[in-house]
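This is a predicted model, so every value here is computed, not measured.
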Amino acid sequence: MFDFLIEGFGVALSPLNLGLAFLGALLGTLFGALPGIGPINGIAILMPLAYTLGLPAESALILLAGIYTGAEYGGRMSSILLNVPGDAGAVMTTLDGHPLAKKGLAGPALGLSAVSSFVGATIAILGLTLFAPLLAEVAVMFGPAEFFALMVFAFSSMSVMMGKDPIKTAIGAVLGVLIATVGVDSGTGVMRFTFGMPELYDGVDFVVMIIGLFAISEILLMLEHAHRRDANDEMPPLGRVFVSLKEVMYCKGAMGRSGLLGFIIGVLPGTGASVAGAVSYTTEKRLSDKEGTFGKGDMRGLAAPEAANNASAAGSFVPMLTLGIPGSGTTAVLLGALMLYNITPGPMMFTERPEVAGGLIASLYIGNIVLLALNLPLAGVFARVLTIPRWVLVPAIAILAFVGVYQLHSDLTAIYLMLIIGVFGYLLRKLGFSLAPVILGYVLGGLMEQNLRRALSISGGDVGILWQSGISLGLWIAAAALLVLPWLLPRLLSRRTPRENTGHH
């Protein structure tokens, strides 16, 4: 069962991959520390460079996964010091992290968040090691109908759990699916949404889509906010960075519970660190906030979301590696990176490409230790990243984005398309749409269409095949329950409350 992991450590411990794991952890922490950059932008910028440098698939994935996990560590810095979340997963960290900093405990808060991140990620990586091979064995039994039902379940869980507005999330996912249909239809040879442009016959390139949607839209937002006064002058002093053993032991229950909860949420397709952080914080508040100190600088309120969002990041690799379904917006980008190397993630990866699956999982163990070793003593150094002015940051991101796309395509049309997609992403963000559902819809849309066609060709056009097996029927029921329960439960509870009150009278 663990042969893939033994081979994976052989891959991850090679000098090249050890260096890439360290580099990914370092760059990820820096990307995460800068508000608005986050893991998706970091991966989007560096993915084309990794590909054009000719890195093997397992090495490129180790680098990009290091950026992902490192960004989850780094996102806490601006949340604690400036009350500005580094990314969506760090929103809940601000609730108790910044009040701790205002009390003069900025250093211990950064130290505790690093330890909590390490504990949460360790729990999730152990879960990934144990459950991914088992889930892969089950997934081998999946046919086209089961995979189609699984993707319907992924879309329904995404629309309910990702973002504050389920309707906008669903619209974003549909937009992603529509973009995925651009190009020559592989089944019929019909041109779809190409507008007579030969450059679109192969569809919208993944790298162009990712860099335009995230990096270019982020640049436009930065330019829009360039006139605003920086909050960097108000950064509190760090003081001591190392957290005491007593403070860690005080938060051990919060870290353990939230790490487990974050892993479970991360495994669900389309959820991500923001959901894990919110659920873990509210759960821990109900369990532990007897004195009413949460939100006023309680260390447990800081430890819970930090453990959960890092556990969620590692947990999101489970559906990606075993089912080929991204567990979050960032793993959707990593899924696209694998497709650049003509590797199809899924249950056969553990037997056909154990060096890729095992190397990735082994590198997460190594990267987690590296991140703790970097983030405890060097928190003060990383915090200085927050003082980088926008007039330096914006051109640097723009240069990396343009160079990355041009290196892959050597074509100005790709640059123009990237800019068009960037403006489109900027408008979506201004209208309150999250971009993660768009990229998830883009990645899953093509796979969903392929599996639907295969299932219908097997059945001769009989749609009953889509819910014929027990697995597919169960997934359809779960998808329907996810969509109906959030709407139904509040109404049932609101009807029940008056009766209970009448009974008391």
Side-chain angles (χ1 to χ4, degrees), residues 1-28 39 43 46-70 121-122 124-140 142 206-207 266-267 313-328 330-371 408 443 447:
M1 178 177 169
F2 297 108
D3 288 349
F4 77 95
L5 191 61
I6 295 168
E7 184 172 348
F9 271 106
V11 170
L13 290 171
S14 70
L16 171 64
N17 292 333
L18 273 176
L20 289 172
F22 178 83
L23 180 64
L26 178 64
L27 291 175
I43 291 172
L46 289 180
M47 182 172 62
L49 297 177
Y51 183 72
T52 51
L53 285 172
L55 291 178
E58 59 273 18
S59 300
L61 200 62
I62 285 170
L63 172 66
L64 299 178
I67 292 171
Y68 182 18
T69 52
T122 301
I125 296 165
L126 288 170
L128 171 63
T129 307
L130 291 171
F131 294 110
L134 296 174
L135 186 57
E137 288 182 14
V138 174
V140 171
F142 277 39
F206 181 76
V207 173
V267 171
S316 64
F317 284 104
V318 175
M320 186 194 90
L321 292 175
T322 58
L323 302 171
I325 300 291
S328 65
T330 312
T331 48
V333 181
L334 291 172
L335 189 68
L338 284 173
M339 291 177 177
L340 277 178
Y341 285 91
N342 294 319
I343 296 173
T344 304
M348 302 308 294
M349 256 188 81
F350 287 85
T351 52
E352 292 178 355
R353 299 299 298 268
E355 79 282 3
V356 176
L360 170 63
I361 294 174
S363 76
L364 292 176
Y365 284 99
I366 297 166
N368 200 31
I369 295 169
V370 169
L371 282 165
L408 275 182
V443 170
L447 297 170

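- Taking every heavy atom of both residues into account, Ile43 and Leu64 meet most closely at CD1-O, 3.7 Å.
- Two residues are said to be in side-chain contact when any heavy atoms from C-beta on lie closer than 4.5 Å; Ser59 and Leu16 meet this criterion.
- The two atoms that bring Ile62 and Ala12 nearest to each other are CD1-CA, 4.4 Å, heavy atoms only.
- With sequence neighbours excluded, the residues satisfying ring pair (Phe, Tyr, Trp, His ring centres under 6.0 Å) with Tyr51 are Tyr341.
- Here the CG atom belonging to Leu447 is positioned 4.5 Å from the CE atom belonging to Met339, to the nearest 0.5 angstrom.
- Ser363 and Asn17 share no side-chain donor-acceptor pair at under 3.5 Å.
- Rounding to the nearest 0.5 angstrom, the gap separating the CG atom in Leu126 from the CG atom in Leu364 is 11.0 Å.
- Looking at heavy atoms from C-beta onward, Val443 lies in side-chain contact with Phe206 at the 4.5 angstrom threshold.
- The salt bridge (charged side-chain N to carboxylate O under 4.0 Å, His left out) search around Glu7 returns none, not counting sequence neighbours.
- Contact between Met47 and Ala337 at its shortest, heavy atoms only, is SD-CB, 3.4 Å.
- Partners of Phe317 according to the ring pair (Phe, Tyr, Trp, His ring centres under 6.0 Å) rule, which considers only residues two or more places apart in sequence or in another chain, are Tyr68.
- Residues Ile343 and Leu61 form no side-chain contact, since every pair of their non-hydrogen atoms from C-beta on lies 4.5 Å or further apart.
- Sequence neighbours left out, the pairs with a member in residues 355-368 that pass salt bridge (Lys or Arg N to Asp or Glu O under 4.0 Å) are Arg353-Glu355.
- Separation of atoms CG (Leu55) and CG (Leu49) is listed at 10.0 Å; rounding is to 0.5 Å.
- A donor-acceptor contact shorter than 3.5 Å links the side chain of Thr69 to the backbone of Ala65.
- Note that CD1 of Ile67 and CG of Leu26 are 10.0 Å apart. Values are rounded to the nearest 0.5 Å.
- In terms of the side-chain hydrogen bond (donor to acceptor under 3.5 Å, both in side chains) criterion, residue partners of Thr331 (sequence neighbours excluded) are, by chain and number, Ser328.
- Taking both residues in full, the closest heavy atoms of Thr330 and Pro39 are given as OG1-CG, 3.9 Å, listed atom of the first, atom of the second, then distance.
- Taking CG from Leu18 and CG from Leu13, the interatomic distance works out to 5.5 Å, rounded to the nearest 0.5 Å.
- The heavy-atom pair separating Ala314 from Ala121 by the smallest distance is CB-O, 4.4 Å.
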List the atom pairs, donor and acceptor, that lie under 3.5 Å between side-chain atoms in residues 319-326 and the rest of the protein, sequence neighbours left out.
{"from": "Thr322", "atom 1": "OG1", "to": "Val318", "atom 2": "O", "distance (Å)": "2.6"}

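- Atom CG of Leu335 is separated from atom CG of Leu340 by 10.5 Å, given to the nearest 0.5 angstrom.
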